[in-house]
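Some notes on the structure that comes next.
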Amino acid sequence: MPELPDVEGFRRYWSATALHQAIVSVEVRAPGLLEGVSEAAMNRRLVDRAFASAHRHGKWLFVEVTRDGYLALHFGMTGGLAYFKAPAEAHRHARMVLDFDTGYRLAYIAARKLGHLALADDIAAFCRKRGLGPDALRIGRDSFVEQLGRRRGRIKTALMGQDLVAGLGNVWVDEALFQSGIHPETPCHRLPRRTLERLYRVMRRVLRVGIREAIQGGGFPSGYLRGHRTEGEPCPRCGMPLRRLRINQRSTYYCPRCQGESGAK
DNA sequence: AGTACCACCTGACGGC
DNA sequence: TGCCGTCAGGTGGTAC
């Protein structure tokens, strides 16, 4: 599930639970998720330290280790966090479990082992190395519009890539395009500047709504595509049956009336 | 530059 | 009940 809004939820969850407690031990249950660091090195870096603050860039979470860089976490498609009082059994899909001297534990969960765990000295350098663009909630409007308008590929592909803007995934790209009235296959450079500016505003709005939902629950406003991702289901805005496309191997849902034609071909 | 396909993993669901 | 294909909110590599 984790796109930007979910990871922002994890950031706040971590901040509210697992800061400022001495780390007693680190148990890595899926070594394959470690990137550029051994379990032993992870222990050396974390044990007897504490986490001081949590930061997010795109879909990555960076947790500051007191005066010694960051633990970097990516949640793949199925990741999450669970904070609980030991000795409760950690989740069945826990891939790393941190024990604190307070008797609490924090588990990093990833049913499919598609996530990543790493250490980073510097967030900006780490993101640069991985080819991540600016975070979707921090990029400026003009930069967004200019860079997107220069691309020749399909708008959905451009937004899904983490190089131009980091944080959007399949669901939130579909949502932003739906609410902007843009067909997902439209070549970027065919979109007028005003339309890209609208997309920018809509992207920020839907992400903020997503964050609120990720943190408080309560569902999405009516008129959101989210929750109606089924072919043939009526469009939540106009009632027209929704369509499904395959773009970059990913299911893409859109409304043929609200989002018109792509202008491709 | 852009796209298509494969790989990495596991779980849930529908059809036979 | 079992087996099989397909799908799932991610990413990275490779080949055209």
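The figures that follow rest on heavy atoms only: side chains count, while hydrogens, waters and symmetry mates do not. Being a predicted model, the structure only gives us computed values, none of them experimental. Within every chain, numbering begins at 1; the chains are lettered A, B, ... in the order of the sequence lines, protein sequences first and strands thereafter.
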Legend entry - Residues from residues 113-132 of chain A lying under 4.0 Å of DNA chain B - heavy atoms: Lys113(A), Leu114(A)

Inset, instruction - Verify the neighbour count for atom CZ of Arg194(A): are there more than 12 heavy atoms of other residues, nucleotides or ligands below 6.0 Å? - result: no

Inset, instruction - For the pair Phe100(A) and Phe51(A), name the ring-plane relationship: parallel under 30°, tilted 30 to 60°, perpendicular over 60°. - result: perpendicular

Legend entry - Residue met sooner reading DNA chain B from 5', once Arg150(A) and His93(A) are mapped to nucleotides: Arg150(A)

Legend entry - Distance between P atoms of dC6(B) and dG5(C) (Å, rounded):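 Here dC6(B) and dG5(C) have their P atoms 15 Å from each other.
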
Inset, instruction - For dG9(C) and dT3(B), measure between their C1' atoms and round to the nearest Å. - result: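 Comparing C1' positions in dG9(C) and dT3(B) gives a spacing of 22 Å.
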
Inset, instruction - May I ask you to evaluate whether His74(A) reaches the phosphate of dT11(C), defined as a side-chain N or O under 4.0 Å from OP1 or OP2? - result: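 Checking His74(A) against dT11(C): at least one side-chain N or O falls below 4.0 Å of OP1 or OP2.
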
Inset, instruction - Check whether any side-chain N or O of Gln162(A) sits under 4.0 Å from OP1 or OP2 of dT11(C), and answer yes or no. - result: yes

Inset, instruction - Dot-bracket notation for DNA chain B is requested: 5' to 3', Watson-Crick or G-U wobble pairs only, both distances under 3.5 Å, with ( ), [ ], | and . as defined. - result: .|||||||.|||||||

Inset, instruction - Go through the N and O atoms of the side chain of Asp174(A) and the base of dG9(C), and report whether any donor-acceptor pair is under 3.5 Å. - result: no

Can you confirm if the aromatic rings of [Y] and [X] lie within a centre distance of less than 6.0 Å?
X: Tyr70(A); Y: Phe126(A); answer: no
X: His183(A); Y: Tyr254(A); answer: yes
X: Phe75(A); Y: Tyr108(A); answer: yes

Produce the list of close N/O pairs, under 3.5 Å, pairing protein atoms with atoms of nucleotides 4-8 of chain C; give distances to one decimal.
from: dA8(C); atom 1: OP1; to: Ser251(A); atom 2: OG; distance (Å): 2.7
from: dA8(C); atom 1: OP2; to: Ser251(A); atom 2: OG; distance (Å): 3.1
from: dA8(C); atom 1: N3; to: Arg112(A); atom 2: NH1; distance (Å): 3.3

Inset, instruction - Please list, in 5' to 3' order, the outermost nucleotides of DNA chain B lying under 4.0 Å from any heavy atom of chain A. - result: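 Answer, 5' to 3': dG2(B) to dG11(B).
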
Legend entry - No-hydrogen, no-angle side-chain donor-acceptor test under 3.5 Å, Arg49(A) and Thr66(A):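 Absent: no donor and acceptor within the cut-off.
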
Give every donor-acceptor pair under 3.5 Å between a side-chain atom in residues 113-123 of chain A and any protein atom, sequence neighbours left out.
from: His116(A); atom 1: ND1; to: Glu35(A); atom 2: OE2; distance (Å): 2.6
from: Asp121(A); atom 1: OD1; to: Arg45(A); atom 2: NH2; distance (Å): 3.0
from: Asp122(A); atom 1: OD2; to: Ala124(A); atom 2: N; distance (Å): 3.3
from: Asp122(A); atom 1: OD2; to: Ala125(A); atom 2: N; distance (Å): 2.8

Inset, instruction - Would you mind listing every side chain to side chain donor-acceptor pair (under 3.5 Å) that reaches into residues 205-222 of chain A, with sequence neighbours excluded? - result: Gln179(A)-Arg205(A)

